[in-house]
Amino acid sequence: MNTKNLFAALIGRPNVGKSTLLNALLGEKVAIVSSKPQTTRTRITGILTKDDTQYVFLDTPGIHTPKNKLGDYMMQEAGAAVGEVDVVLFLVEAGDKIGSTERDLLEKFRASGVPTLLLVNKTDEATAREIGDTISRFSEAFDFTAVIPISAKNGDNVPVILSEIAPLAAEGPWFFPEDSITDQPERVIAAEIIREKLLQTLSEEIPHGTAVVIEEFREKKDLLSVRAEIFCEKASHKPIIIGKNGEKLKRIGSLAREDMERFFGIKVYLNLWVKIKENWRDSTALLANFGFKNE
Ligand SMILES: Nc1nc2c(ncn2[C@@H]2O[C@H](COP(=O)(O)OP(=O)(O)OP(=O)(O)O)[C@@H](O)[C@H]2O)c(=O)[nH]1
Ligand SMILES: [Mg+2]
């Protein structure tokens, strides 16, 4: 069989549903999702091998104006992806208008010359009119290879994306084993699952200032033993994360453990610690320590 490959980047502003779409395309959850913007911090690779083609999807951090060094890192991760792929999947939300972020992005796509699809997401929450207006606005500003209204959450029209991009695949090797779904190491997935629970359980600013580091990840007999440190950036955040009588942290831990058991298919013992690292989001050294380092 002659194999083919296709690299695709998911690009868009925070919270449009890029990670939800990645999971929907793969039929497996490899990227964490939350209702808070700036959930994704690094590039996440999702792999789908179907018929003769291996699709490699790059989920990226949402495009925003950086407010700290972590934000700078996130924007480099997202920006670099455009130059490395065969096709861009540009996500917007039904109802979105073209602001300066969108204009800059469209300019970037034009300059790279890479085929770009417009995906109008969250159609399950929009009227036909909103969807139509969004399509007209964006189509006037850019010559998209295809325009597809989708619901990443319900899976509506997600298969259409695959059929539209399949012809763009070029003959070439598969870069990952046929049954891979991601290239993220297991430790990174474990840390991300914990971060998702922090985002889902804590209010606005606190989870954005957290980083999770896996200190131990060990399988013995039928048990996976995981010890993780949660770093927060203010002393006042620590008691909030732990909660009264440790209840909040217990809840975060049990939600994370359930997801880990599902993902790794083994019983998990999870041990969480909360530590403080003041202003780590603006410290180059600490960012590198936590694994945020541009190549
Ligand atoms: N109603 C509806 N909600 C959606 C849909 N897709 C995503 N969402 C919700 O939108 C929110 C953000 O989804 P994410 O997938 O985390 O968005 P993202 O673009 O990856 O966000 P960042 O990682 O912050 O850039 C979550 O609450 C999702 O459940 C959709 O098709 N319909
Ligand atoms: Mg995301």
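Computed from a predicted model, the values in this text were never measured in an experiment. Indexing begins at 1, ligand by ligand and atom by atom, following the structure's order. Values below: every heavy atom of this structure, side chains too, minus hydrogens, waters and symmetry copies.
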E125: numbered ligand 1 atoms lying under 4.0 Å from its heavy atoms: 1 (N)
Ring centers of F217, F264 separated by less than 6.0 Å: yes
Heteroatom N/O/S of T60 within less than 2.8 Å of the Mg ion (ligand 2): no
T123 side chain to S151 side chain, donor-acceptor N/O pair below 3.5 angstrom: no
Nitrogen or oxygen of V33 less than 3.5 angstrom from that of ligand 1: no
Contacting atoms of ligand 1, where contact means under 4.0 angstrom from a heavy atom of P37: 24 (O)
Nearest non-hydrogen protein atom, atom 26 (C) of ligand 1: S34 O, 3.4 Å
Proximal candidate to atom 27 (O) of ligand 1 [heavy atom criterion; set G12, S35, G17]: S35
Option whose closest heavy atom lies nearest to atom 32 (N) of ligand 1, chosen from V16, D124, I11: D124
Nearest neighbour in protein (non-hydrogen) for atom 6 (N) of ligand 1: N121 ND2, 3.2 Å
Polar contact flag, side-chain donor to acceptor under 3.5 angstrom, Q200-S34: no
Parallel, tilted or perpendicular, as decided by the 30° and 60° cut-offs, for the rings of F90 and F144: parallel
Min N/O separation K18 to ligand 1 under 3.5 Å: yes
Closest approach of Q184 to V30 (non-hydrogen atoms, all atoms of both residues): NE2-O, 3.0 Å
Criterion side chain to side chain donor-acceptor pair (under 3.5 Å) against S225, the qualifying member of K267, E216, R218: E216
Side-chain (T201) to main-chain (K197) donor-acceptor, under 3.5 angstrom: yes
Co-membership, hydrophobic cluster, residues I150 and V87, 4.5 Å side-chain: yes
N/O separation below 3.5 Å, P14 to ligand 1: no
Metal check, the Mg ion (ligand 2) vs S19 N/O/S, cut-off below 2.8 Å: yes
Nearest-neighbour protein heavy atom for atom 21 (O) of ligand 1, which is reported as residue plus atom name and distance: N15 N, 2.9 Å
T49 and E178: CA distance, side-chain angles, deciding distance, side chain to side chain donor-acceptor pair (under 3.5 Å) verdict: CA-CA 6 Å; T49 308; E178 194 174 343; over 6 Å; no
Ligand 1 to S151 polar contact by distance, N or O atoms, under 3.5 Å: yes
Gap separating the CZ atom of F290 from the CZ atom of R281, nearest 0.5 angstrom: 11.5 Å
Centroid-centroid distance, F231 to W280, less than 6.0 Å: no
Nitrogen or oxygen of G62 less than 3.5 angstrom from that of ligand 1: yes
Residue and atom name of the nearest protein heavy atom (relative to atom 30 (C) of ligand 1), distance in Å to one decimal: K153 CB, 3.3 Å
Nearest-contact summary for atom 13 (O) of ligand 1 - protein heavy atom, Å: T20 OG1, 3.5 Å
Best match, Q38, M74, K122: closest heavy atom to atom 24 (O) of ligand 1: Q38
